[in-house]
Participant: 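Take a look at this one; I'll ask things after.
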2 protein chains.
Amino acid sequence: MNARPKSAATRTKILEAALELFRERGYEAATMRAIAERAGVSLGNAYYYFGSKEHLIQGFYDRTHIEHVAGVGAKLDGLKDFKSRLLWVMRKKLETIEPYHRFAGLLFRSAADPASPLNPFSSESQPVRREATELFGRVVEGSKGIHKDLRVELPNLLWLYHMGIVLFWIHDKSQGRWRTWQLMERSVDLVAKLVTVASYSALGPPRRAALAMIRKLRETGDENTKPPGRH
Amino acid sequence: MNARPKSAATRTKILEAALELFRERGYEAATMRAIAERAGVSLGNAYYYFGSKEHLIQGFYDRTHIEHVAGVGAKLDGLKDFKSRLLWVMRKKLETIEPYHRFAGLLFRSAADPASPLNPFSSESQPVRREATELFGRVVEGSKGIHKDLRVELPNLLWLYHMGIVLFWIHDKSQGRWRTWQLMERSVDLVAKLVTVASYSALGPPRRAALAMIRKLRETGDENTKPPGRH
DNA sequence: GTCTATAACCGGATAGAC
DNA sequence: GTCTATCCGGTTATAGAC
């Protein structure tokens, strides 16, 4: 966050050490003391750069997202239909996170806690989520045959869908995570079919009703909202 | 877990004290030391009964589930169509958990952690989950017009659906949780319609395909399974 | 004002005596 | 089954160096 090169270098060193230790020992066993030691800084200094151990995880999110985008690369532009575009992005996602499976559960454990900065719905994680959603935006943009109204909300829905797959992956104990792969491929197929059906122009009213509900879903973050008054 | 009355009494005292303090101060602020003190036992003794602070939460799950079932009561038997049955059960759910909203986030935070005993997919929480699923089983049993194949898997799907609503509720900061109520009512409607459509006998093949995928989903708990060999 | 270090604090968890 | 004493690791307070 600081522009000075020295500061940035120290920050990187600490994050680097943390990710290494998470990989080697898992999240719990990687103590802040050990992380600081490996980074060659004092414990207090590590806390100067990262407000808490959980904040180190934000670094993990950022990093895997960058790797994911790099993995997706330019090939996405060559794919023209929705299904193969989504499939490609999801494949790359699973490949990117695979090395972290051992401790991913612990990393994601705060996802359900509204008070945690890691919660994907929290303001602190907004930047990563927005970028991740944009990737799904690219999937939609380059696809044909999707109804205009659907295009607005679809990236958010696909982000949510991908979180569901990741959640399954976290719990997946099968060899090489083959169950997750299977589920992903089948569900991508299903999603693509749903999108096709939902795009039929004859389905205007139910589509609008469903989209209205989905829009509501996204508004949860807004605080203290009052119910609509009676007329 | 112990049959002796003395043991059971101490156990209850500790759980009681814990739930009180959770309510008063929230999960984090209710220290094990304070819980032990209020229960009139030593810290070590509290740990004799509950392996960890998280294990106390299991007690919370159990308790709210019992309250939920009591709230649903006999009235469920009087309702005949699927939609009103599901609506009734979901309403009672939201009413039951409402008093715990303040600290519910912290209670549910471990839900995403495969290593946690609180994870609803873990073996330790199996009994509660099974009982909760059975409640949705009752919803399905008493309803007409649902295809036979669907009846097997539907209780599990409804349990999952209800977990989604609870997740939304956790993050809901609107007054009186009206957003959750609105979402619940609209989505119950949607679910009911989906079940109706999915029950059309003309839809045999796609229904079977979807159910096959869903069955796969449930098998994640099984450890170290190998991918199906090639033929 | 930016960075780094040392020394405590606090609370979850465990060991071992009774 | 119950206690006391202790450990361990996340976090904070604070002092001082650049």
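Below, read A as the first sequence line, B as the second, and so on, with proteins coming before strands; counting in each chain starts at 1.
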Participant: A/Arg11 CZ to C/dT4 C1': how many Å, rounded?
Facilitator: 16 Å
Participant: Between C1' on C/dA5 and CG on A/Asn45, what's the gap in Å once rounded to a whole number?
Facilitator: 8 Å
Participant: Without decimals, in angstroms, what is the distance between B/Phe50 CZ and C/dT14 C1'?
Facilitator: 18 Å
Participant: For A/Leu21 and D/dG9, what is the distance between atoms CG and P respectively, to the nearest whole Å?
Facilitator: 13 Å
Participant: If the condition is side-chain hydrogen bond (donor to acceptor under 3.5 Å, both in side chains), which residues does A/Glu24 pass it with, not counting sequence neighbours?
Facilitator: A/Arg38
Participant: Does a nitrogen or oxygen in the side chain of A/Ser7 sit under 4.0 Å from OP1 or OP2 of C/dT2?
Facilitator: no
Participant: Think A/Tyr48 has a side-chain N or O under 4.0 angstrom from the OP1 or OP2 of C/dC3?
Facilitator: yes
Participant: Would you kindly give the CD-to-P distance between B/Glu37 and D/dT2, to the nearest whole Å?
Facilitator: 17 Å
Participant: Whole angstrom is fine here: how far is it from NZ in A/Lys13 over to C1' in C/dC3?
Facilitator: 12 Å
Participant: I'd like to check the salt bridge (charged side-chain N to carboxylate O under 4.0 Å, His left out) partners of A/Asp62; sequence neighbours left out, ordered by chain and number.
Facilitator: none
Participant: What residues, two or more places apart in sequence or in another chain, satisfy ring pair (Phe, Tyr, Trp, His ring centres under 6.0 Å) together with B/Phe136?
Facilitator: B/His162
Participant: Only counting residues at least two apart or in another chain, list the ones meeting side-chain hydrogen bond (donor to acceptor under 3.5 Å, both in side chains) with A/Lys92.
Facilitator: A/Glu95
Participant: I need a per-nucleotide contact map over nucleotides 10-18 of chain D, read 5' to 3'. Cutoff is protein heavy atoms under 4.0 Å; write B for the base, S for backbone only, - otherwise.
Facilitator: BBB------
Participant: Measure CZ/A/Arg25 against P/D/dG9 and give the value in whole Å, please.
Facilitator: 10 Å
Participant: What about A/Phe60 and A/Tyr100, are their ring centers closer than 6.0 Å?
Facilitator: yes
Participant: B/Leu56 CG to C/dG12 P: how many Å, rounded?
Facilitator: 10 Å
Participant: Sequence neighbours left out, cut at 3.5 Å: what donor-acceptor pairs do the side chains of residues 40-47 of chain A make with other protein atoms?
Facilitator:
{"unit_1": "A/Ser42", "atom_1": "OG", "unit_2": "A/Asn45", "atom_2": "N", "d": "3.1"}

